[in-house]
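None of these values were measured; they are calculated from a predicted model.
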Amino acid sequence: MQRTPIIAGNWKMNKSLQESVAFAQELATHLANVAGVEQVVCPTFLALAAVADALKGTSIAVGAQDAHWEAQGAYTSEVSAAMLEGIAQYVIIGHSEVRAYLNETDERVNKKIKAALAYGLKPIVAVGESLEQNEAGETESFVSGQVRAALDGIDAANMQNIIFAYEPIWAIGTGKNASGEIANQVIGGTIRATLASLYGDAIAQTIRIQYGGSVKPDNMAEYMSQPDIDGALVGGASLKVDDFKKLVEVAAQQKGG
Ligand code: PEP
């Protein structure tokens, strides 16, 4: 099954408004000739609309780092999926930093995914176990539970618009990455298998699942050579034009069709 690889850069709380726009413009010139890979950048909410403007007509799409499920209301500090409609094309939901620092729950993740889909955004749903869970042999049951909870009440017709990212928490921003083989085992053996049990194998084979966790230019090929890994969700290395460009190029060479 040929799935278009997708590389998304999660800028987290980095780059000022001016830096974000300048970076996006520079990235666009460097990536102009890379085809066969979906490229996404996820700036802060502050810079999102300006970056989206700067990237209009380029091959790079824009994603938000989160979105609230209510369309509007008394939710200080939040931005809704409804407000992102027409500005962003993607939205990261359930990132482990949001789960850890902002009390994100599986139930909220599920509501956010539904809202994102309702407003034409493609959710990039992040799942992954902690170091303790990993060491206790709980990866499969925990990650599969996160996938099931995220998709509660979501029908098969929506699945083409959802992307998953397997991000073991112990590998995010730590420099410790899961081996390609282990990442592929969880992505294929747990996440895609869970999707198959929910929606059938034919649909599961079409859903894109990224790996995330200390992905760098020098380990990207290891992931992209794995059959079940369809791209990467990238933090640190997405903040440097050269690194992000290399990640996209490796994906294009190995999986760009
Ligand atoms: C992330 O934030 O999703 C991430 C994977 O970060 P890093 O690449 O820095 O580990």
Side-chain angles (χ1 to χ4, degrees), residues 6-35 37-68 71-72 75-98 100-102 104 112 115-116 119-124 126 163 165 167 172-175 210 212-218 220 231-252:
I6 174 166
I7 313 295
N10 173 15
W11 295 358
K12 311 191 184 189
M13 196 175 71
N14 290 293
K15 299 190 188 297
S16 68
L17 172 57
Q18 292 76 9
E19 287 165 348
S20 299
V21 171
F23 185 91
Q25 284 164 338
E26 201 188 337
L27 204 57
T29 62
H30 282 80
L31 292 177
N33 298 319
V34 187
V37 180
E38 269 182 61
Q39 308 142 26
V40 185
V41 294
C42 303
T44 63
F45 280 129
L46 176 70
L48 196 89
V51 167
D53 267 353
L55 292 176
K56 266 203 188 103
T58 74
S59 59
I60 308 174
V62 174
Q65 296 177 19
D66 199 3
H68 199 275
Q72 65 205 19
Y75 297 96
T76 302
S77 88
E78 299 281 0
V79 173
S80 71
M83 290 166 179
L84 294 167
E85 188 179 25
I87 299 174
Q89 292 87 49
Y90 293 87
V91 55
I92 300 170
I93 293 178
H95 192 280
S96 62
E97 286 154 14
V98 181
Y101 307 142
L102 299 172
E104 189 70 305
K112 289 178 176 185
Y119 290 100
L121 301 164
K122 293 184 178 172
I124 298 174
I163 294 122
E167 298 210 307
I172 297 179
T174 58
Q210 302 169 308
S214 299
V215 173
K216 305 271 181 282
D218 62 6
M220 183 65 172
L233 179 56
V234 187
S238 75
L239 298 172
K240 294 183 202 128
V241 168
D242 279 354
D243 283 1
F244 194 72
K245 180 180 174 235
K246 278 185 201 131
L247 299 180
V248 172
E249 284 170 349
V250 171

For a side-chain contact (heavy atoms from CB on, under 4.5 Å) check, start with the C-alpha distance between V40 and V62, then their side-chain angles and the critical distance, and finish with the verdict.
CA-CA 5 Å; V40 185; V62 174; 6.0 Å; no

From [atom1] ([X]) to [atom2] ([Y]), nearest 0.5 Å:
{"X": "E85", "Y": "L121", "atom1": "CD", "atom2": "CG", "answer": "7.5 Å"}
{"X": "Q25", "Y": "S20", "atom1": "CD", "atom2": "OG", "answer": "11.0 Å"}
{"X": "S16", "Y": "L46", "atom1": "OG", "atom2": "CG", "answer": "8.5 Å"}
{"X": "I124", "Y": "Q210", "atom1": "CD1", "atom2": "CD", "answer": "5.0 Å"}
{"X": "Q39", "Y": "L31", "atom1": "CD", "atom2": "CG", "answer": "4.5 Å"}
{"X": "I60", "Y": "Q89", "atom1": "CD1", "atom2": "CD", "answer": "11.5 Å"}

Any heavy-atom pair between the side chains of [Y] and [X] that's under 4.5 Å?
{"X": "K12", "Y": "L239", "value": "no"}
{"X": "N10", "Y": "Q65", "value": "yes"}
{"X": "W11", "Y": "P43", "value": "yes"}
{"X": "E249", "Y": "M220", "value": "no"}
{"X": "K15", "Y": "T44", "value": "no"}
{"X": "V37", "Y": "I6", "value": "no"}
{"X": "V241", "Y": "F23", "value": "yes"}
{"X": "T58", "Y": "L55", "value": "yes"}

Taking every non-hydrogen atom, the tightest pair across [X] and [Y]:
{"X": "V248", "Y": "V34", "answer": "CG1-CG1, 3.5 Å"}
{"X": "A8", "Y": "F244", "answer": "C-CE1, 4.2 Å"}
{"X": "E26", "Y": "T29", "answer": "O-OG1, 2.7 Å"}
{"X": "A50", "Y": "V21", "answer": "CB-CG2, 3.6 Å"}
{"X": "G9", "Y": "S238", "answer": "CA-CB, 3.4 Å"}
{"X": "I93", "Y": "A116", "answer": "CD1-CB, 4.1 Å"}

For the residue pair Y75 and H68, does the interplanar ring angle fall in the parallel (under 30°), tilted (30 to 60°) or perpendicular (over 60°) class?
tilted

Count the heavy atoms of every other residue, nucleotide or ligand shown that sit under 6.0 Å from CZ of F45, and state whether that count exceeds 12.
yes

D242 and K245 ion-paired at < 4.0 Å
no

Looking at K216 and D243, is there a salt bridge between them, counting it only when a charged N and a carboxylate O are closer than 4.0 Å?
no

Working for side-chain contact (heavy atoms from CB on, under 4.5 Å), residues L84 and V79:
CA-CA 8 Å; L84 294 167; V79 173; 4.2 Å; yes

Does the side-chain contact (heavy atoms from CB on, under 4.5 Å) test come out yes or no for I172 and S96, once each step is laid out?
CA-CA 9 Å; I172 297 179; S96 62; 3.2 Å; yes

Sequence neighbours excluded, the answer for side chain to side chain contact (heavy atoms under 4.5 Å, CB included) partners of L102 is V98

Step by step, work out the side-chain contact (heavy atoms from CB on, under 4.5 Å) result for V234 and I7.
CA-CA 7 Å; V234 187; I7 313 295; 4.2 Å; yes

